[in-house]
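Heads up: numbering here begins at 1 and tracks the sequence. Computed from heavy atoms alone, side chains included, the values below leave out hydrogens, waters and symmetry copies. Being a predicted model, the structure only gives us computed values, none of them experimental.
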Amino acid sequence: IVTYLLTIQFKYEQKIMRLFGQIDALLLQMITGISKIRLSASKAIFFERWLTLFSRAYRQIFSSGRLSVYISSFYLLTGPFVTLCFYLLM
């Protein structure tokens, strides 16, 4: 169970890193082309693109954090049970 949950969490982390890479690339493009953006009056378009990527990244972060809570709870609940089983078997 834990291996499955950790695999899912790893996939979330990969998506988060990919999204932050896209955000960084977009910001670099915006900074290098700021004069063109001002001339063409497309600030709203770039802000919308950035906001879309940023909100996706933070949704993934929230999902990954929630999964971490499930994994920690599983360890917390199964630890005493496993200890009790070993104690009873001895």
Side-chain angles (χ1 to χ4, degrees):
I1 295 174
V2 174
T3 306
Y4 175 71
L5 292 175
L6 288 174
T7 304
I8 293 173
Q9 186 178 18
F10 182 71
K11 290 179 182 179
Y12 278 128
E13 297 294 328
Q14 283 179 326
K15 289 177 185 177
I16 291 167
M17 289 297 139
R18 192 175 309 117
L19 285 169
F20 274 112
Q22 290 175 354
I23 290 170
D24 290 343
L26 181 67
L27 289 176
L28 181 63
Q29 288 175 359
M30 288 172 66
I31 290 170
T32 57
I34 194 73
S35 59
K36 292 179 185 178
I37 293 170
R38 285 184 183 162
L39 287 174
S40 65
S42 58
K43 289 182 244 179
I45 294 170
F46 276 99
F47 182 72
E48 182 183 347
R49 287 182 188 171
W50 173 80
L51 190 60
T52 302
L53 288 173
F54 197 74
S55 63
R56 268 195 248 156
Y58 270 88
R59 269 188 257 132
Q60 292 293 327
I61 289 171
F62 180 75
S63 297
S64 177
R66 186 174 46 205
L67 194 57
S68 292
V69 170
Y70 293 147
I71 293 169
S72 298
S73 299
F74 181 77
Y75 281 135
L76 183 68
L77 295 174
T78 58
F81 179 72
V82 171
T83 304
L84 182 63
C85 288
F86 280 131
Y87 178 74
L88 293 175
L89 290 175
M90 296 182 128

Requested in this report: Is it possible for you to check whether Arg49 lies under 6.0 Å from the centre of the six-membered ring of Phe46, through NZ or CZ, and within 45° of that ring's axis?
Outcome: yes

Query raised in the report: Among the clusters formed by ILVMFWY side chains lying less than 4.5 Å apart, do Tyr58 and Phe62 turn up in the same one?
Result: no

**Report entry** Counterpart residues, side chain to side chain contact (heavy atoms under 4.5 Å, CB included), relative to Thr7 (two or more places apart)
**Finding:** Thr3, Lys11

Requested in this report: Under the ring-ring contact (aromatic ring centres under 6.0 Å, His included) rule, collect the residues that match up with Phe47, sequence neighbours excluded.
Outcome: Trp50

**Report entry** pair Phe74-Ile71: side-chain heavy atoms closer than 4.5 Å
**Finding:** no

Query raised in the report: By side chain to side chain contact (heavy atoms under 4.5 Å, CB included), which residues pair with Thr52, not counting sequence neighbours?
Result: Glu48, Arg56

Cut-off 3.5 Å, no hydrogens considered: what does the side-chain donor-acceptor table look like for residues 23-32, sequence neighbours left out?
residue	atom	partner	partner atom	Å
Thr32	OG1	Leu28	O	3.0
Thr32	OG1	Gln29	O	3.1

Query - Full working for side-chain contact (heavy atoms from CB on, under 4.5 Å) between Leu5 and Gln9 - result: CA-CA 6 Å; Leu5 292 175; Gln9 186 178 18; over 6 Å; no

Query raised in the report: Looking at residues at least two apart in the chain, or sitting in another chain, which of them share a side chain to side chain contact (heavy atoms under 4.5 Å, CB included) with Met17?
Result: none

Query raised in the report: Is Leu77 linked to Val69 within one hydrophobic cluster, defined over Ile, Leu, Val, Met, Phe, Trp and Tyr using a side-chain heavy-atom separation of less than 4.5 Å?
Result: no

Query raised in the report: Out of curiosity, does Ile16 fall in the hydrophobic cluster containing Phe10 (side-chain heavy atoms, cut-off under 4.5 Å, transitive links)?
Result: no

**Report entry** Sequence-distant partners of Ser63, side chain to side chain contact (heavy atoms under 4.5 Å, CB included), two or more places apart
**Finding:** Tyr12, Arg66

